[in-house]
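Heads up, the thing below is written out as structure tokens.
This structure is a prediction, so every number in the text was calculated from the model and none was measured. A, B, ... follow the sequence lines: proteins, then strands. Residue 1 opens every chain.
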Protein chains: 4
Amino acid sequence: MKNNTNTTRSEDKHQRIIKAALKVFAKKGFYNSKVSEIAKEAEVADGTIYLYFKNKDDILISVFETEMKTMINNMKKELGTSQDPIEKVRIFAFQHLNMITENQEWAEVAQVELRQSTKFMREYVKDHYADYLNLFAYIVREGQEKGVFKEDINTGIAKRAFFGALDEMGRYWVLSRSKRYSVEESAKQISDIFIKGVMNQ
Amino acid sequence: MKNNTNTTRSEDKHQRIIKAALKVFAKKGFYNSKVSEIAKEAEVADGTIYLYFKNKDDILISVFETEMKTMINNMKKELGTSQDPIEKVRIFAFQHLNMITENQEWAEVAQVELRQSTKFMREYVKDHYADYLNLFAYIVREGQEKGVFKEDINTGIAKRAFFGALDEMGRYWVLSRSKRYSVEESAKQISDIFIKGVMNQ
Amino acid sequence: MKNNTNTTRSEDKHQRIIKAALKVFAKKGFYNSKVSEIAKEAEVADGTIYLYFKNKDDILISVFETEMKTMINNMKKELGTSQDPIEKVRIFAFQHLNMITENQEWAEVAQVELRQSTKFMREYVKDHYADYLNLFAYIVREGQEKGVFKEDINTGIAKRAFFGALDEMGRYWVLSRSKRYSVEESAKQISDIFIKGVMNQ
Amino acid sequence: MKNNTNTTRSEDKHQRIIKAALKVFAKKGFYNSKVSEIAKEAEVADGTIYLYFKNKDDILISVFETEMKTMINNMKKELGTSQDPIEKVRIFAFQHLNMITENQEWAEVAQVELRQSTKFMREYVKDHYADYLNLFAYIVREGQEKGVFKEDINTGIAKRAFFGALDEMGRYWVLSRSKRYSVEESAKQISDIFIKGVMNQ
DNA sequence: CATGAATGAGTCTTCATTCAT
DNA sequence: TATGAATGAAGACTCATTCAT
């Protein structure tokens, strides 16, 4: 009766396929991944994929939405631990970079695959990214309201700039497979520059 | 004399194909572009492509190298107009964003296609990007040497952060096709934050 | 008592599937019909189909045999109402054309699907069609014996010719979905021509 | 310079594929024929098929149109040899049955495949068949105008009846692979019945 | 150098059939 | 008997690349 783990077969497979797809996409890239590879990785038959997903694109979309939700929820939770805008900036930076290094597969896919998506994919990507970026926009606005951040900072630009700064570090780690610059140091430098850059005085 | 136009026929076609490829890649994406489409756009026969390029990947590499060289040269020229590190930061920001909006096709390809490149492509991309990023690293180091920028700024992180901040704006314009936030304003905001963020005092 | 309705559950389902299959085949054609569609139409599970039929071909065969038996029985009953060969020719014509227009679904399948049957299907089709055609051959022979039809009429040819003449009208109705030429008029014209054509003098 | 035979490569292949398709369709049926089988039979690569035909359906349509045109032209030529409606009826019967036995492959396809065609195929089939059937309708009308055939014969019904009568014989030969009833005898019986059936007096 | 017809390997997707429950 | 999730074989079609002219 402890049916907490009573996920149906279906949910199991759905998750298994998404997980397998993430792995395969990260390794080979979307266009070079075969559906049959994903099936093999998920230990299901090729046809089974199509019981859970409309087509190959749909798998990518699902991977994206699943991971993006986790990302947003985790970030919200972390940001909830502080009331200080300055502290929140540091948390955002660390959390984002940390996520990238801890979930290399997703980072790889997010950095690489989602950006070359076809037109209709863009819609999915855009909206979820917007949600994520706005978590940071709120911090900036909050800082402005509290009078710690300069009024003339445009949040629309600032959120993209800060996110871009972090993300480029992630891209560096992902693409070069380098381990130079620790998460801690990178997060500190970037948030320090930003905070000093936007603070009143 | 008149040697300006003394490019051989071959060079003509080579360029024509690269130009056509840039256009097609920008519109459809690398994997959804057909070699025959590029050939048509370049007004050559399909087979002719293979007299100038080893394969489809090779076309993308050539497009990349051609555009990247132009990008680097233009940036160098612009940066040469000033001696002041602070001014140079502003120039870099404006020049990069301006390039993105003025060469939409290339921006589209750079933002999107190059990042989903296969393993061997990464090498090409990495090296050229490094050259470009280092143009900015020099500025930071120069600023530190002149004592205007803080010593504890890590140039390896700073160059990526600044470039990433700019590039994310470009990605926004490319992906969302939005025209919000002018080049001037975006460049000013981002360089202002950065400059204030890294300056001594 | 009340044994009329004493069909077992099984027989119910068997019939339900055949009926559903007829409907689906008529609408989509055999090769474009999915077993799952038939199951849905019959309101049974996909797997249930295979408790009653060996495979998809077997369903078509069953549909065919079921309908063909009905067709033959009905025709026999109608022909039994007369002793006159000439009258029987008219009855056959009217009854056949009437059946086609009243059982459009079956007509569609009979006209179209059964003729593209695979080798082994042909056997089933051939034998049952032979039974049906022979109902007409009897009429002709009877007419010859009674001296009203010419002796030199080859019944093997005549039965096919007459049936073909009628059937082509049916095909026209089915394929063109036209309503031109009423059943009555068509039956009259075709039987008139045939009767005059085969009568002594 | 005797370039009569100077058909281009293309025309050669186009014809070769059609011929091969006719053979394969006749043997296996449309749905059981693989494009690769047709390619093999035509001695071209699979992909080559798609240089000449949009898809598998398109091959069937082309086969149909090619053969149907030949059929109509041949029939016209034969009918042109006589001025007598009665004689023309006999010619039509003989020519049609003869065609069926001489071009078994086409007969097989025409009898079987074309009738199970999908909706859009029906259009093609209907129009060409109409042309063919009308060749016979003209004969009947001509007979009526000359006063040899009864005025009250409906040509719309008569043409279908006569064609259907002949075609059913063809179907018999095709489906049963029987050789009973010669072309001559069948043609004679069927046209005799019809002529006697529709003649004035 | 240039052409473009021909190639054929490669992959997504469908769907009849099975089988554990 | 009944279910329907799972299977996996099969095939139409695409498109990068070649090569005879």
Side-chain angles (χ1 to χ4, degrees), chain A residues 8-10 12-14 17 31-40 42-59, chain B residues 8-10 12-14 30-40 42-59, chain C residues 8-10 12-14 30-40 42-59, chain D residues 8-10 12-14 17 31-40 42-59:
Chain A
T8 64
R9 268 252 196 66
S10 301
D12 267 2
K13 290 230 164 106
H14 188 87
I17 293 167
Y31 279 100
N32 292 312
S33 298
K34 291 164 220 153
V35 171
S36 62
E37 281 179 293
I38 297 171
K40 202 173 174 185
E43 293 181 302
V44 298
D46 291 18
T48 304
I49 301 265
Y50 292 88
L51 295 177
Y52 297 93
F53 301 92
K54 230 176 28 254
N55 51 37
K56 197 181 161 189
D57 282 334
D58 193 33
I59 306 175
Chain B
T8 64
R9 271 260 190 62
S10 302
D12 264 5
K13 283 210 175 135
H14 188 86
F30 179 71
Y31 277 100
N32 293 313
S33 297
K34 292 163 212 160
V35 172
S36 64
E37 281 178 292
I38 297 171
K40 201 173 175 185
E43 293 180 305
V44 299
D46 292 18
T48 305
I49 301 265
Y50 290 86
L51 297 174
Y52 296 93
F53 302 90
K54 219 166 54 246
N55 51 34
K56 196 181 162 188
D57 283 332
D58 192 33
I59 305 175
Chain C
T8 64
R9 271 260 191 62
S10 303
D12 264 5
K13 283 210 175 134
H14 188 87
F30 179 72
Y31 278 100
N32 293 313
S33 297
K34 292 163 211 160
V35 172
S36 63
E37 283 179 291
I38 297 170
K40 199 175 178 185
E43 295 180 303
V44 298
D46 291 19
T48 305
I49 301 262
Y50 290 86
L51 298 174
Y52 296 93
F53 301 91
K54 217 166 56 245
N55 51 35
K56 195 182 164 190
D57 283 333
D58 192 33
I59 306 175
Chain D
T8 64
R9 267 253 195 67
S10 301
D12 267 2
K13 290 229 165 109
H14 188 86
I17 294 167
Y31 278 99
N32 293 311
S33 297
K34 292 163 221 154
V35 172
S36 62
E37 282 179 293
I38 298 171
K40 201 173 176 185
E43 294 180 301
V44 297
D46 290 20
T48 304
I49 302 265
Y50 292 89
L51 295 177
Y52 296 94
F53 302 91
K54 232 181 20 261
N55 51 36
K56 198 181 160 190
D57 282 335
D58 193 32
I59 306 175

Using whole Å, report how far [atom1] of [X] lies from [atom2] of [N].
| X | N | atom1 | atom2 | result |
| --- | --- | --- | --- | --- |
| A:K40 | F:dA6 | NZ | P | 21 Å |
| C:K56 | F:dA9 | NZ | P | 20 Å |
| A:E43 | F:dA6 | CD | P | 14 Å |
| D:N32 | F:dA9 | CG | P | 19 Å |
| C:I38 | E:dC15 | CD1 | C1' | 12 Å |
| C:K54 | E:dT18 | NZ | P | 12 Å |
| B:Y31 | F:dA16 | OH | P | 11 Å |
| B:F53 | E:dA2 | CZ | P | 12 Å |

Look at [X] and [N] and indicate whether a side-chain polar atom (N or O) is within less than 4.0 Å of OP1 or OP2.
| X | N | result |
| --- | --- | --- |
| A:K13 | F:dA6 | yes |
| D:Y52 | E:dA6 | yes |
| C:S36 | E:dC15 | no |

For residues [X] and [Y], report the shortest heavy-atom separation together with the two atoms involved.
| X | Y | answer |
| --- | --- | --- |
| A:E37 | A:N32 | OE1-O, 3.8 Å |
| A:I38 | A:I17 | CG2-O, 4.0 Å |
| C:A39 | C:D46 | CB-OD1, 3.5 Å |

Ignoring hydrogens and geometry, is there a side-chain-to-backbone donor-acceptor pair from B:K56 to B:F30 under 3.5 Å?
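Looks like yes, one N/O pair under 3.5 Å.
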
Using the side chain to side chain contact (heavy atoms under 4.5 Å, CB included) criterion, which residues pair with B:K40? Sequence neighbours excluded.
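None.
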
Atom CD1 in D:I49, atom NZ in D:K13: separation rounded to 0.5 Å?
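The CD1 atom of D:I49 sits 11.0 Å away from the NZ atom of D:K13.
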
I want to verify a distance call: between F:dC13, F:dT17, E:dT7, whose nearest atom is closest to the D:L51 side chain?
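My answer, after comparing the listed nucleotides, is E:dT7.
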
So if I take every side-chain heavy atom of B:Y50 and compare against F:dA16, E:dC12, F:dC13, which nucleotide ends up nearest?
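Of all the options, the side chain of B:Y50 is nearest to F:dA16.
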
Taking the nucleotide of DNA chain E with the closest heavy atom to each, which residue, A:K34 or C:S33, is nearer the 5' end?
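The 5'-side residue here is A:K34.
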
With nearest nucleotides of DNA chain E determined for B:A45 and A:T48 from heavy-atom distances, which residue corresponds to the more 5′ nucleotide?
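Whichever sits nearer the 5' end wins; that is B:A45.
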
Secondary-structure string, 5' to 3', Watson-Crick or G-U under 3.5 Å, | for another-strand partners, for DNA chain F
.||||||||||||||||||||

Hey, which sits more toward the 5' end of DNA chain F by its nearest nucleotide, D:D46 or A:I49?
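The residue closer to the strand's 5' end, by nearest nucleotide, is A:I49.
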
Test of understanding: with ring pair (Phe, Tyr, Trp, His ring centres under 6.0 Å), list the residues that count as partners of D:Y50, not counting sequence neighbours.
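Counting only residues at least two positions away or on another chain, D:Y50 forms no ring pair (Phe, Tyr, Trp, His ring centres under 6.0 Å).
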
